[in-house]
Every structure is written in C-alpha cells, then in structure tokens.
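Since the model is a prediction, treat every value here as computed from it, not as a measurement.
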Amino acid sequence: MSARGGMGFMGLTRDRSVLKAKIRPGTLKRVLAFAAPYKWSLALFLALVMLDAGISVINPLLYRQIINNGILKANTRLVIELALLVAGLAVSDAALGLAQAFLSSRIGSRIVLNMRSLLFDHIQTMPLAFFTRTQTGALVSRLNNDVGGAQNAFTDVLSSVLGNLITVLLTLGAMFALSWQITVAALILLPLFLAPARLIGPKLQAITRESYDLTAVMNNTMIERFNVAGAQLSKLFGRRAEETALFTARARRVSDIGVKRSLYGRVFFTSLMLMASFATAFVYGWGGVLAIAHKLDVGTLVALSAYLTRLYGPISGLSNIQVTVMTALVSFERVFEVLDLPPMIREAPDAQPLPAGPARITFEHVGFRYPTAAEVSLASLESIALPDKTPGKTVLHDISFTVGPGEMLALVGPSGAGKTTITQLVPRLYDVQSGRVTINGQDVRHATLESLRARIGVVTQDAHLFHDTIRANLLYARPEADDAMLEAALRAAEIWPLVSGLPEGLDTLVGERGYRFSGGEKQRLSIARLLLKAPDIVILDEATAHLDSESEAAVQAAFTTALAKSTSIVIAHRLSTILKADMILVIEGGRIVEEGHHAELLARGGLYAELYRRQYAQDETP
C-alpha cells in the first residue's frame with residue numbers, strides 16, 4: 001500500500017533503548033541542513049503521499065456507491081463504471097507507491113552519499129594517533145552501518161511516518177462522516193489491536209539484537225581467519241579441525257536464533273491478523289444489526305469495514321513513531337560524533353606552501369609525548385566506556401640537530417628509544433609539544449600539509465601495498481608517470497627482472513597487503529614507489545631490512561645515485577648500512593646520547609661502539 005504502513009513486524013525489531021538516548025541539541029537542525037538541497041523533491045514526495053492517501057480514502061466510498069446505487073438498484077452500467085474506476089485507482093495507487101519509493105530512496109541515498117563522502121574525507125584528516133587507537137571495524141561500521149541506518153531511518157520517517165499520519169487523519173475523517181458510533185467503537189478496540197506489539201514486541205527486539213550480535217561474532221571469525229595472516233597462522237599450527245568446530249558452533253547459534261526470531265515474528269504477525277479479524281467481525285456484527293434495523297445501509301457497512309482494514313496498519317506504524325524518529329536521530333548523531341571530532345593535526349590559517357627544492361631540516365630543542373585517547377579519539381571507536389585521560393609519557397627530550405641538502409643523517413639506538421618518533425615529526429604525523437621542526441627555516445606547522453608531504457618520501461620496514469596492480473601502487477606516488485618512468489624506478493629498486501617476467505607484468509595484482517610477494521619483493525616495490533616520487537626529503541625506516549646482502553648493496557647504490565640531492569634521515573639496526581652517513585645520532589631513552597661519524601663514535605667506546613661490536617660479533621658467529 002505504497003507509503004502507508006502495513007501490519008508487518010519489522011518496525012518493531014528496532015531497539016526501543018534508543019528512547020533513553022540523549023540527543024544533543026541541534027542534531028535535528030543539522031539533519032535538516034543535509035536535506036535542504038532536496039527541498040523540492042521533498043515537497044513533491046509530500047504531495048504524492050497526500051494524493052496516495054486521498055485515493056485510499058476514495059476507494060471505500062466507491063464500494064459504498066457500487067453496493068447502494070449499483071447492486072441494490074440493479075444499475076449494471078454504474079456497477080461496471082465504478083468497478084473500472086476502482087481498477088484505475090488501483091493502478092494509480094501502485095504507480096504512486098512506486099514514485100514514493102523512488103523519491104524517498106533517492107533523497108535518502110543522496111543525503112547519505114554526501115554524509116558518507118564527508119565522513120570519509122574527515123577521517124582522512126585524522127592524525128596517525130587516531131588510527132593507532134581506534135578499531136578499523138568501528139570506523140567501517142560508522143561509514144556503513146550507522147550511515148546506512150541513518151538512510152533507512154530517514155527513509156522510514158519520510159515514507160511511513162508521513163504517509164501513515166496523513167492516511168490515519170483522512171481515514172478517521174471519512175469514518176466519522178459515515179458513522180461516528182462505529183468509528184468510536186473501532187478506536188476503543190485499538191488497545192486490543194496494539195496488545196501484540198506491547199507483549200511480543202520487546203521480546204522480538206531482544207532476539208533481533210542478540211541475532212545481530214551473534215552474526216557479528218560469526219563474521220568477525222571469518223574476517224580474522226580468512227585474511228592472509230590469520231589463514232597462515234591457522235595452517236602453521238594445524239588448527240583446521242578446531243577452527244571449523246569453532247565456526248560451526250558460532251554459526252549454529254546464529255541459525256538457532258534465526259529460527260527463534262522467525263517463530264516470534266510469525267506469532268506476532270498471526271496475533272495482529274487475529275486481532276484485526278476480531279475487529280472486523282465486531283464491525284460486521286454490530287454494523288449488520290444496524291443494517292437490519294435500517295439504521296445503516298449495507299454500502300456504508302462495507303465501506304467502514306474497508307476503512308478499518310486500512311486504519312489499524314498505519315496506527316500500528318505510528319505507535320512506534322518515537323522509536324523511528326529517535327533511531328534516525330541516534331544514527332545521525334553517531335555520524336556527527338565523528339564529524340565533530342577535530343583533527344589534532346590541523347593546517348594553520350596562515351599556512352604557506354613549502355617550496356620544492358633542496359631542504360635543510362632542523363630540530364630545535366624538541367620535546368614530544370604521544371597524545372592521549374581523549375585528545376585524538378572517541379571511546380565508542382575504541383570499544384571502551386570512557387576515553388583514557390591519563391597524561392602521556394614524554395618520549396623525546398630536548399632533541400636538536402640539523403641535516404642539510406644532500407646529507408644523510410642516521411639514527412641508531414635500542415628499540416623503543418624514539419628513532420621512528422623523530423622521523424614522524426618531519427611530515428607532521430605528530431606535532432611537537434615543545435621546540436620546533438623547521439625545513440629551510442619554515443616551521444612545519446606553518447606549511448600547508450599538501451606541500452609538506454609532497455616534499456617527503458618514506459619507506460618503512462613494514463611496506464604496505466594496496467590490493468591492486470603493481471602499476472596502480474606505483475602511480476600512487478606519481479599519477480602522471482608513464483611506463484618508461486615506472487620501469488626505471490623498478491630497475492633502480494632491483495625488481496624489474498621479476499616484474500617483467502610476470503605474465504601480467506605491471507598489471508599483476510599484488511594481493512591483500514601485497515602478500516602475493518615476499519617481504520623483500522614488497523620492500524623493493526615500495527622503494528621503487530619512493531624513487532618514482534623523487535622527493536626532496538627521504539626517510540628510510542629499516543627500508544632494506546628484508547633484502548639480502550647483494551640486493552641491499554644494489555639498492556643502496558640506487559639510493560646514492562637517485563637521491564644524491566635529497567636530504568635523508570635513515571633508521572638502521574644494521575649498522576653496516578650507515579657507515580658513510582654524514583652524521584650519526586645515537587638515541588637512548590628519547591635523548592641524543594652520542595653524535596658523530598662512524599669512526600669517531602667507534603673510537604669513543606660508548607653505546608654506538610657497544611651496538612656495533614655486538615652486531616659484528618653476531619655477524620661473525622657461524
């Protein structure tokens with residue numbers, strides 16, 4: 001019946017706990033702001049709803065005329081004409097229903113498209129600390145479930161609530177005009193009709209909520225076991241039988257709750273139909289007595305019965321109007337919650353582009369601590385009750401150094417000393433708490449983020465590749481590069497022979513996280529991506545860790561040639577790779593404890609010499 005609510009039970013599976021939610025002031029206004037561009041479509045939709053509701057009121061009146069003035073008066077022509085009119089209105093009603101469905105879905109989809117794109121873009125502005133704390137699944141849920149829930153709820157508010165409200169008002173008006181006594185009786189019977197919703201509805205909601213939770217657990221099992229790392233772990237430990245048993249147990253719970261949900265849904269639907277039958281029987285019984293007594297004509301009795309069947313469905317839908325509206329507002333608010341989270345790393349209002357060319361990096365008395373969860377994240381995205389407000393521990397203390405164009409600065413020291421943290425301050429993955437980081441005298445916090453990161457290239461030990469082709473992964477660094485440039489970068493990274501020998505060549509899919517390639521091959525592909533970008537500043541965090549000695553020597557030679565004019569910061573646990581560094585900083589406990597060239601640091605006999613001797617002894621061990 002187009003926009004008018006039927007007697008289905010799906011509306012009651014919504015969680016009524018949303019009624020306890022406290023919606024922040026202004027949420028509805030923001031929702032309407034998203035809908036504002038579609039005001040004319042909304043106006044057309046409202047007109048269609050009113051027209052459709054009008055048709056639903058006209059039909060029973062036509063039945064009345066067919067009986068009273070057609071059948072009872074033996075007017076065959078009138079009966080045929082009115083019957084054809086009823087059929088025509090039925091076609092019109094169906095067309096209006098399709099038009100309403102199209103408009104409500106289109107408006108809801110466009111609003112959600114804008115919101116989803118805005119949310120995705122906003123999440124990309126979040127600092128690295130945000131992603132280290134939040135659960136990826138929670139973010140995906142906001143983009144999919146919450147935004148999708150907002151769309152569904154918005155569409156329901158448009159179609160069900162408005163349509164039902166108009167239908168109920170027009171139907172009651174027509175019923176009162178025909179017989180106020182029977183209309184009052186029908187309204188008195190309303191609590192009886194709504195009884196199944198009150199009795200079975202909460203249980204059905206709880207079962208539905210449990211079904212969602214169990215399905216989420218089952219899906220999470222599949223996600224963890226079907227990604228490459230999870231599948232490899234399962235195979236290495238020979239846990240196939242146990243994993244199958246675990247999944248089967250969880251899938252069985254989903255199956256069992258599905259049967260239970262279906263049964264309760266059927267009981268609920270049957271109860272509604274039974275109550276509707278009782279109400280119809282009552283109207284026909286009382287109305288029949290009145291008709292026999294000539295206090296009500298037969299046509300009016302049939303019309304009232306038709307109105308009755310059209311009345312209880314919309315009223316049932318409206319009984320959950322508060323849940324429907326609150327569900328929509330809660331879904332929107334969960335999206336707004338993320339949109340309202342300010343990115344900790346923001347571009348200054350007076351930010352200036354960082355000019356391309358030779359770069360001199362200077363750290364001036366830099367102090368740094370990692371931000372707390374309350375500063376960068378949301379408790380709901382970390383699946384915790386309250387955000388952690390414990391002050392972060394300072395991890396860098398008074399770091400000062402300068403590295404100029406064409407120079408290589410090496411950072412060495414124990415794990416956890418703060419080496420990677422230092423490199424992350426240059427591209428503003430984090431911001432300093434004290435001191436400053438400058439490039440050519442310009443504080444990185446006063447440079448535009450786009451220009452800053454365009455000047456910097458990074459290769460980490462854990463090279464990340466997108467599930468796409470080799471070509472697409474390389475072009476991520478330089479979209480305008482042609483095949484000749486791609487080949488040159490791959491040759492310099494010592495991986496062209498492998499790529500050229502693949503059946504699909506550059507168009508070979510690398511697989512999830514690049515797992516179709518070995519660690520060393522992934523590393524060389526990421527190095528090729530860096531060489532293709534040809535940045536002014538290069539940061540290498542154990543970039544050659546996965547390479548054998550021969551490949552490492554070739555790649556180091558490629559770096560020396562291709563990045564001769566670049567400013568380089570290199571983190572290396574393998575000290576043999578930094579023997580020719582222009583400056584070596586030894587980091588321990590977030591402080592620079594030694595600095596100098598390889599030979600002089602070795603001669604001092606300090607921490608660097610100890611690290612070197614320890615590594616040399618390991619290399620010499622057969």
Side-chain angles (χ1 to χ4, degrees), residues 1-7 45-73 75 78-79 81-97 99-100 159-194 272 275-291 293-319 321:
M1 293 195 298
S2 62
R4 295 179 300 281
M7 296 189 219
F45 174 80
L46 185 59
L48 292 176
V49 168
M50 295 179 68
L51 183 59
D52 192 27
I55 291 177
S56 71
V57 173
I58 292 173
N59 270 328
L61 296 177
L62 293 176
Y63 303 155
R64 181 171 180 260
Q65 291 298 316
I66 289 174
I67 294 173
N68 289 344
N69 298 321
I71 296 174
L72 296 181
K73 295 182 179 180
N75 190 339
L78 181 63
V79 169
E81 289 177 350
L82 291 178
L84 290 175
L85 181 57
V86 169
L89 288 176
V91 174
S92 300
D93 184 58
L96 287 172
Q100 289 176 63
S159 58
S160 298
V161 174
L162 289 176
N164 289 338
L165 184 60
I166 293 173
T167 299
V168 167
L169 292 176
L170 292 178
T171 301
L172 284 176
M175 289 181 69
F176 269 107
L178 293 176
S179 173
W180 68 268
Q181 298 95 332
I182 291 183
T183 303
V184 170
L187 292 178
I188 292 175
L189 290 172
L190 184 60
L192 181 65
F193 184 82
L194 295 178
L272 287 180
M275 294 302 104
S277 298
F278 288 162
T280 302
F282 175 80
V283 169
Y284 269 116
W286 187 20
V289 171
L290 293 176
H294 302 291
K295 294 180 180 179
L296 188 72
D297 58 72
V298 177
T300 300
L301 176 60
V302 172
L304 286 170
S305 177
Y307 280 133
L308 191 64
T309 61
R310 294 167 181 261
L311 180 65
Y312 285 134
I315 286 181
S316 178
L318 289 175
S319 69
I321 183 172

Between [X] and [Y], which heavy-atom pair has the shortest distance, and what is it?
| X | Y | result |
| --- | --- | --- |
| Thr167 | Ser56 | CG2-OG, 4.2 Å |
| Ala303 | Pro60 | CB-O, 3.3 Å |
| Gly299 | Asn68 | N-OD1, 2.9 Å |
| Leu78 | Gly70 | CD2-N, 4.1 Å |

[X] [atom1] to [Y] [atom2] distance, which is reported to the nearest 0.5 Å:
| X | Y | atom1 | atom2 | result |
| --- | --- | --- | --- | --- |
| Ile66 | Leu61 | CD1 | CG | 11.5 Å |
| Leu62 | Leu84 | CG | CG | 11.5 Å |
| Gln100 | Leu51 | CD | CG | 8.5 Å |
| Leu308 | Ile182 | CG | CD1 | 9.5 Å |
| Leu46 | Ile166 | CG | CD1 | 5.0 Å |

Residues in side-chain contact (heavy atoms from CB on, under 4.5 Å) with [X], at least two apart?
| X | value |
| --- | --- |
| Ser305 | Thr280, Tyr284 |
| Val289 | none |
| Val57 | Leu170, Thr171, Ala174, Tyr307 |

Q: Evaluate the criterion side chain to side chain contact (heavy atoms under 4.5 Å, CB included) for residue pair Asn59 and Ile55; output intermediate values, then yes/no.
A: CA-CA 6 Å; Asn59 270 328; Ile55 291 177; 4.1 Å; yes
Q.
Could you work out, with side chain to side chain donor-acceptor pair (under 3.5 Å) as the rule, every residue matching Ser179, not counting sequence neighbours?
A.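 So Ser179 forms a side chain to side chain donor-acceptor pair (under 3.5 Å) with Gln181.
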Q: Report the residues that fulfil side chain to side chain donor-acceptor pair (under 3.5 Å) with Lys295, sequence neighbours left out, ordered by chain and then residue number.
A: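 Checked Lys295 against side chain to side chain donor-acceptor pair (under 3.5 Å); zero matches.
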Q. Which residue pairs pass the salt bridge (charged side-chain N to carboxylate O under 4.0 Å, His left out) test when at least one of the two sits in residues 297-307, sequence neighbours left out?
A.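 Every pair satisfying salt bridge (charged side-chain N to carboxylate O under 4.0 Å, His left out) with a residue in residues 297-307: Arg64-Asp297.
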Q.
Looking at Leu178, is its backbone amide N or carbonyl O close enough to the side chain of Thr300 to form a donor-acceptor pair, meaning the two atoms are under 3.5 Å apart?
A.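 Checking the backbone N and O of Leu178 against the side chain of Thr300, no donor-acceptor pair under 3.5 Å is found.
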**Q.** Steps toward side chain to side chain contact (heavy atoms under 4.5 Å, CB included) verdict (Val184, Phe176)
**A.** CA-CA 8 Å; Val184 170; Phe176 269 107; 4.1 Å; yes
